[in-house]
Each structure stands twice: as structure tokens, then as C-alpha cells.
Amino acid sequence: MAKAEGIIIRTTDYGESNKIVTLYTKEFGKIGLMARGAKKPKNPLSAASQVLFYGLCLFSKGRGLGSLYQAETLNAFRAIREDIEKMGYAALILELTDRLTEDGQPSQGIYNLLCDTLLLMEKGTDPAVLSSIYALKMMPQAGIDPELTHCVHCGEKKDHYLFSVSEGGFLCSTCAKVDDYALVLSQATQRLLPLIRSIPLDRLGKVSLKSKTIGEIESIIYAYYERNAGIKLRSRHFIEQLAKFRTNE
């Protein structure tokens, strides 16, 4: 039997009344657990078997699936759950965590980053900014960390860059010819990309970015994941649809 603090990052229905939950913990990394009877409303595990559950869990670890026995909530993340946009961005963060981690490979850094990001979102920090920071900080885990301090082709530091998804980072105007599809960057995005990748979350403060700037940053990040890690996030589609709906209101 083991006890650990963790966050449910994915759930799958199993049979008529059970759920398989994917729990991410500091001590054990990512683990799959069977929550028996969790689909029944009055079952003690029903609340703990939802995506974004954050709490203290009692479980057994097996070679394959373990079993979840008890769970006690540490933070209900009510502000996130009651806001469809925040929930969309939280889902994106959870999906990225699931896609970029292996079972049973603990990482205190990833666990702390996940918890801190969600707690800041709960407290009111811009969810689009937080999810972009999270996605950038997780790029080394995916093995696709882009070059954001100098030209990836010639190595020179310049005042102005384009961004090359295929070459892996900033390209100066002289080297832009190596990628016909290099993206023109606004000054704000060029300045912010290296900044938000390196900034500790506890120094973030009340950050606020123009929707155009954060939109540009998001487009770069998710095009980069798709091209260089083969990851296309389902939750990203939901956020894009939500943005279209709000534009049409």
C-alpha cells in the first residue's frame, strides 16, 4: 500500500461502474489505477476519479494497473472548474503532462511545475499565459527545446529574428533564406518567448498580455510541438473553437 499526493491527469471509463485513472505524483511519477465503482454517484471515489482532482491518495501499485482505495481533496480547483476557458487550458496542461511523461518515472520538477501552474490559475493568473509558460518549460522533456537566445543557423546575436519551426528556433534575417516558412515575429513575442521560458513561476506576478501577442505565442508553441515532437493536442482544438465562438458573439 502506498500514500501520495497527486493530480488526476486522465480518466477512462471501464465497464459499467469502474474507472481507470492516471495519477501524477511526485514520488512515483505517472501511475495507472483502477477506481472500482467510481462511476456510481454515491461511491466515495466518484469525486476523486475526475480529471483535475488534486489530493492525497491511498493506493496499491501493481505491475500493471494498481488500485485506488481512498482519496482526500487538497484543493478542489473550483475557480477553474466553474470557468469553461480555464478548464480548457487546464485540460491542455494535463494532456501535455500525460503525453510527455512515462509511467513510473518520477520528476519532482515536473510535479512542482504542474501543481504551481494550476494553483496560480486557480488564483486568477491568465490561463492562456500559464499554459504557454508550461508548454515552453516542458519542451526539454519532449527533447525539442528551441534556440531563443541567438540565431540557430549562424549563432550570431541580433536585434531582430524570425522563428523557424523546422530549424528549431530564432533565425536572423540573413539566415532566413534557409526556411521559406520562417514566421515573422512581433517585437513583443520575440522578447517574451525567452523570458517566459526562463521565468520562475513564483516571480510571475499579475502578468497580462495582449490577446494578439499570446495568440502569436500559442501558434508558435503548438506548431513547434506538432512538427518536432509529433504531438497534436486534442484540448487545443477545444480552445480554438471556444475562441471562435466568443469572437462571433
Side-chain angles (χ1 to χ4, degrees), residues 89-90 92-93 95-97 99-101 107-121 123-233 235-236 239-240:
Y89 279 108
L92 191 149
I93 288 165
E95 186 183 351
L96 200 53
T97 308
R99 298 284 292 273
L100 293 178
T101 55
S107 165
Q108 187 170 341
I110 292 174
Y111 182 76
N112 290 343
L113 179 64
L114 176 62
C115 290
D116 292 348
T117 302
L118 292 171
L119 288 167
L120 280 172
M121 192 184 293
K123 287 175 184 173
T125 304
D126 188 321
V129 173
L130 280 172
S131 67
S132 293
I133 291 172
Y134 190 83
L136 270 169
K137 287 182 181 293
M138 286 292 279
M139 281 182 179
Q141 175 72 11
I144 58 166
D145 208 15
E147 179 50 68
L148 300 175
T149 57
H150 53 257
C151 175
V152 71
H153 197 66
C154 70
E156 294 286 321
K157 283 201 170 192
K158 298 287 176 77
D159 291 331
H160 302 290
Y161 298 103
L162 292 85
F163 187 90
S164 172
V165 172
S166 59
E167 293 294 313
F170 284 167
L171 275 180
C172 69
S173 52
T174 311
C175 297
K177 58 183 178 291
V178 303
D179 180 9
D180 292 338
Y181 300 100
L183 305 165
V184 177
L185 300 176
S186 66
Q187 280 290 86
T189 297
Q190 182 183 305
R191 189 181 76 253
L192 284 164
L193 276 171
L195 182 68
I196 64 177
R197 180 177 66 177
S198 61
I199 193 169
L201 284 175
D202 58 5
R203 290 186 48 208
L204 200 55
K206 285 286 180 186
V207 66
S208 181
L209 300 181
K210 290 179 181 173
S211 57
K212 185 181 176 185
T213 304
I214 193 63
E216 191 176 336
I217 289 169
E218 285 179 322
S219 296
I220 288 167
I221 287 171
Y222 298 111
Y224 197 75
Y225 266 110
E226 195 170 340
R227 166 68 194 258
N228 296 301
I231 291 175
K232 189 173 175 66
L233 298 164
S235 38
R236 171 82 179 135
I239 290 165
E240 285 170 344

How long is the gap from [atom1] on [X] to [atom2] on [Y], to the nearest 0.5 Å?
{"X": "Tyr89", "Y": "Asp126", "atom1": "OH", "atom2": "CG", "answer": "7.5 Å"}
{"X": "Met138", "Y": "Thr101", "atom1": "CE", "atom2": "OG1", "answer": "6.5 Å"}
{"X": "Met139", "Y": "Tyr225", "atom1": "CE", "atom2": "OH", "answer": "5.0 Å"}
{"X": "Ile196", "Y": "Ile133", "atom1": "CD1", "atom2": "CD1", "answer": "5.5 Å"}
{"X": "Leu96", "Y": "Arg99", "atom1": "CG", "atom2": "CZ", "answer": "8.5 Å"}
{"X": "Leu136", "Y": "Ile221", "atom1": "CG", "atom2": "CD1", "answer": "4.0 Å"}

Query raised in the report: Would you call Glu218 and Arg236 a salt bridge, taking side-chain N to carboxylate O under 4.0 Å as the test?
Result: yes

Answer yes or no: is there a side-chain heavy-atom contact under 4.5 Å between [X] and [Y]?
{"X": "Tyr222", "Y": "Ile239", "value": "no"}
{"X": "Leu130", "Y": "Leu201", "value": "yes"}
{"X": "Val165", "Y": "Tyr181", "value": "no"}
{"X": "Thr174", "Y": "Glu156", "value": "no"}

Using every non-hydrogen atom in the two residues, find where [X] and [Y] come nearest and quote the distance to one decimal.
{"X": "Ser166", "Y": "Asp179", "result": "OG-OD2, 3.3 Å"}
{"X": "Gln187", "Y": "Asp159", "result": "OE1-O, 4.2 Å"}
{"X": "Ala188", "Y": "Thr213", "result": "CB-CG2, 4.0 Å"}
{"X": "Leu185", "Y": "Phe170", "result": "CD1-CE2, 3.6 Å"}
{"X": "Ser186", "Y": "Glu216", "result": "N-OE2, 3.0 Å"}
{"X": "Ile214", "Y": "Val129", "result": "CD1-CA, 3.9 Å"}

Query raised in the report: Parallel under 30°, tilted from 30 to 60°, perpendicular over 60°: which one fits the rings of Tyr224 and Phe163?
Result: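 Taking Phe163 first and then Tyr224, their aromatic rings stand perpendicular (interplane angle over 60°).
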
Requested in this report: Can you run down the side-chain hydrogen bond (donor to acceptor under 3.5 Å, both in side chains) pairs that involve residues 127-144, sequence neighbours left out, and say none if there aren't any?
Outcome: Thr97-Tyr134

Report task. Give a yes or no on whether the backbone of Ala176 and the side-chain of Glu167 come within a donor-acceptor separation of less than 3.5 Å. Result ->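 No.
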
**Report entry** Lys157 atom NZ: more than 12 heavy-atom contacts under 6.0 Å
**Finding:**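 Open: at most 12 neighbouring heavy atoms sit under 6.0 Å from NZ of Lys157.
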
**Report entry** CA sep, side-chain torsions, deciding dist, call: His153, Cys172, side-chain contact (heavy atoms from CB on, under 4.5 Å)
**Finding:** CA-CA 8 Å; His153 197 66; Cys172 69; over 6 Å; no

Query raised in the report: Step by step, would you call Tyr111 with Cys115 a side-chain contact (heavy atoms from CB on, under 4.5 Å)?
Result: CA-CA 6 Å; Tyr111 182 76; Cys115 290; 3.4 Å; yes

